[in-house]
Amino acid sequence: MKLTLLSGWGVDRRIWQPLAEYWPGNVEPSAVEWPGYGDAPALPTPTHIEALAERMAPELPSVAVWVGWSLGGLLATALLSHLPPPKALLLLGAGSRFCSDGENGGVTSQELTSFQRAFRRDPVATWRHFLRWQAQGEPNAREAHRQLRAQLGETPQADTDTLAQGLMWLETLDNQALLANPPCPIRLLAGAHDPLLSSSTRQQALRLEAAGHCPMLSQPAPLAARLAEQATRALQEPR
């Protein structure tokens, strides 16, 4: 069973490394980079979803199950309209949209706008703040943040334009229609204490107890098992 792993805003594929020793034997994981991250060339900005789809087509095979975390989940869902759909899509820490206006919990549009302003002033400091922010829901937030810093270093592995484009997608992507009528089975998973998700999104998802937005850090073994289990079940759904 092939799993294609997609990371979120400001975070490259190294975020999946803690799961490496816990995958069941039937799983073939492959963590890929979005354009502009790691050694993947950046796309011109502003970028349209069509251009992203063209670049990512070789990296997102239809014979795999895609696993999209955070912004990676939003983008993977949006790409369903532009690429041959995968066998299934697992969304981790992601729903139909990023901002949760009018709902309990999550990130409001006002908070995202303030974050974007701070990013324009000092991209690296704002990125570091985001690492602390997304670690808050873990059982030991300080340890989760330390792990993030140890994995990712002191600066993001993406240029400022790529990161700004990612924030634009967080602001504008709305996948409600795709999730209501998906071209493949879709399963939602979320940390029970994810500070970036609304309570309604967490309630709709299969919840990972004692975890926040970064269960790959705090719960790598249970997360690997749950992803494999949900992928298997999704593959058994009639298409």
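All of these numbers come straight from a predicted model, not from anything done at the bench.
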Given side chains that start at C-beta, do those of P139 and H193 come closer than 4.5 Å, heavy atoms only? no
What class does the angle between the rings of F130 and W133 fall in, given that below 30° is parallel, 30 to 60° is tilted and above 60° is perpendicular? perpendicular
Can you name the residues that form a side chain to side chain contact (heavy atoms under 4.5 Å, CB included) with A190, not counting sequence neighbours? L197, R202, A205
Can any side-chain N or O of D39 pair as donor or acceptor with the backbone N or O of P41 at less than 3.5 Å? no
Between the main-chain N or O of E33 and the side-chain N or O of E59, is there a donor-acceptor pair closer than 3.5 Å? no
Do N140 and S218 make a side-chain contact, defined as non-hydrogen atoms from C-beta onward lying under 4.5 Å apart? no
What are the two closest non-hydrogen atoms of T4 and A64, and how far apart are they? OG1-CB, 3.5 Å
Can I get a per-line list of side-chain donor-acceptor pairs under 3.5 Å for residues 158-168, giving both atom names and the distance, sequence neighbours left out?
{"residue": "D159", "atom": "OD1", "partner": "D161", "partner atom": "N", "Å": "3.1"}
{"residue": "D159", "atom": "OD1", "partner": "T162", "partner atom": "N", "Å": "2.7"}
{"residue": "D159", "atom": "OD1", "partner": "T162", "partner atom": "OG1", "Å": "3.1"}
{"residue": "D159", "atom": "OD2", "partner": "T162", "partner atom": "OG1", "Å": "3.3"}
{"residue": "Q165", "atom": "OE1", "partner": "T47", "partner atom": "N", "Å": "2.7"}

Just verifying a value: how many Å separate R55 CZ and L52 CG, rounded to the nearest 0.5 Å? 9.0 Å
Can you sort out the partners of E111 under salt bridge (Lys or Arg N to Asp or Glu O under 4.0 Å), two or more places apart, ordered by chain and number? none
Does M1 share a hydrophobic cluster with L189, counting links as ILVMFWY side-chain heavy atoms below 4.5 Å and allowing steps through other members? yes
For the pair S100 (side chain) and G105 (backbone), establish whether a donor and an acceptor sit closer than 3.5 Å, ignoring hydrogens and angles. yes
Among residues at least two apart in sequence or on other chains, which ones pass salt bridge (Lys or Arg N to Asp or Glu O under 4.0 Å) with R14? D12
Would you say the side chain of P18 lies within less than 4.5 Å of the side chain of Q151, judging by non-hydrogen atoms? yes
Contacts table for residues 119-127: side-chain donor-acceptor under 3.5 angstrom, sequence neighbours left out:
{"residue": "D122", "atom": "OD1", "partner": "A125", "partner atom": "N", "Å": "3.2"}
{"residue": "T126", "atom": "OG1", "partner": "A118", "partner atom": "O", "Å": "3.0"}
{"residue": "T126", "atom": "OG1", "partner": "F119", "partner atom": "N", "Å": "3.4"}
{"residue": "T126", "atom": "OG1", "partner": "D122", "partner atom": "O", "Å": "2.8"}
{"residue": "W127", "atom": "NE1", "partner": "G10", "partner atom": "O", "Å": "2.7"}

Any chance you could measure R97, atom CZ, to L179, atom CG, to the nearest 0.5 Å? 12.5 Å
Indicate if L173 and L170 have the same hydrophobic cluster label, given that clusters are the connected sets of ILVMFWY residues with side-chain heavy-atom separations under 4.5 angstrom. yes
For a 4.5 angstrom cut-off between non-hydrogen side-chain atoms, does V11 reach L71? no
Partners passing side-chain hydrogen bond (donor to acceptor under 3.5 Å, both in side chains) against S30 (at least two apart in sequence or in another chain): none
Heavy-atom check, side chain of T172 versus side chain of D174, under 4.5 Å: no
Not counting sequence neighbours, which residues clear side-chain hydrogen bond (donor to acceptor under 3.5 Å, both in side chains) with Q236? List them please. none
Sequence neighbours left out, what passes side-chain hydrogen bond (donor to acceptor under 3.5 Å, both in side chains) with D101? Give chain and number order. S109
Member of F98, W169, F115 meeting the ring pair (Phe, Tyr, Trp, His ring centres under 6.0 Å) criterion with W9: F115
Interatomic distance, L75 atom CG to L6 atom CG [nearest 0.5 angstrom]: 8.5 Å
In sequence, state the C-alpha distance, the side-chain angles, and the governing distance for V32 and L5, and then conclude on side-chain contact (heavy atoms from CB on, under 4.5 Å). CA-CA 6 Å; V32 302; L5 310 174; over 6 Å; no
Carefully, step by step, assess W66 and L83 under the rule side-chain contact (heavy atoms from CB on, under 4.5 Å). CA-CA 12 Å; W66 301 353; L83 293 175; 4.3 Å; yes
Rounded to the nearest 0.5 Å, what separation is found between the CD atom of E209 and the CD atom of Q219? 9.5 Å
Is the CG atom of N26 crowded by more than 12 outside heavy atoms at less than 6.0 Å? yes
Could you walk me through whether E138 and C214 pass the side-chain contact (heavy atoms from CB on, under 4.5 Å) test, one step at a time? CA-CA 7 Å; E138 306 310 325; C214 302; 3.5 Å; yes
Apply side-chain contact (heavy atoms from CB on, under 4.5 Å) to the pair N175 and L80, showing each step before the final yes or no. CA-CA 10 Å; N175 294 320; L80 294 176; over 6 Å; no
Scanning both residues in full, the closest heavy-atom pair of S70 with A94 reads O-CB, 3.5 Å
Nearest 0.5 angstrom please: H145 NE2 to L217 CG, how far? 11.0 Å
Please report the closest heavy-atom contact between G95 and T201, naming both atoms and the distance. CA-CG2, 4.0 Å
Following the transitive rule for hydrophobic clusters with a side-chain heavy-atom cut-off under 4.5 Å over Ile, Leu, Val, Met, Phe, Trp and Tyr, establish whether L223 and V27 coincide in one cluster. yes
In short, ring pair (Phe, Tyr, Trp, His ring centres under 6.0 Å) pairs touching residues 24-59 with sequence neighbours left out are none
By ring-ring contact (aromatic ring centres under 6.0 Å, His included), which residues pair with W69, not counting sequence neighbours? H213
What's the spacing between Q204 CD and L91 CG if we round to 0.5 Å? 11.0 Å
Please list every donor-acceptor pair under 3.5 Å in which a side-chain atom of residues 224-232 meets a protein atom from a residue at least two apart or in another chain.
{"residue": "E229", "atom": "OE2", "partner": "R233", "partner atom": "NH2", "Å": "3.1"}
{"residue": "Q230", "atom": "OE1", "partner": "R187", "partner atom": "NH1", "Å": "2.5"}
{"residue": "T232", "atom": "OG1", "partner": "A228", "partner atom": "O", "Å": "2.9"}

Where is the tightest heavy-atom contact between G93 and D194, given as atom of each residue plus distance? CA-OD2, 3.8 Å
Within-4.5 Å side-chain heavy-atom neighbours: Q134 and L196: yes
By salt bridge (Lys or Arg N to Asp or Glu O under 4.0 Å), E143 pairs with (sequence neighbours left out) R146
Could you pull out the closest heavy-atom pair between W16 and S7, with the gap in Å? NE1-N, 3.8 Å
Atom CD of residue position E154 - does it have more than 12 heavy atoms of other residues, nucleotides or ligands inside 6.0 Å? yes
For A234 against P185, the heavy-atom pair lying closest together: O-CG, 3.5 Å
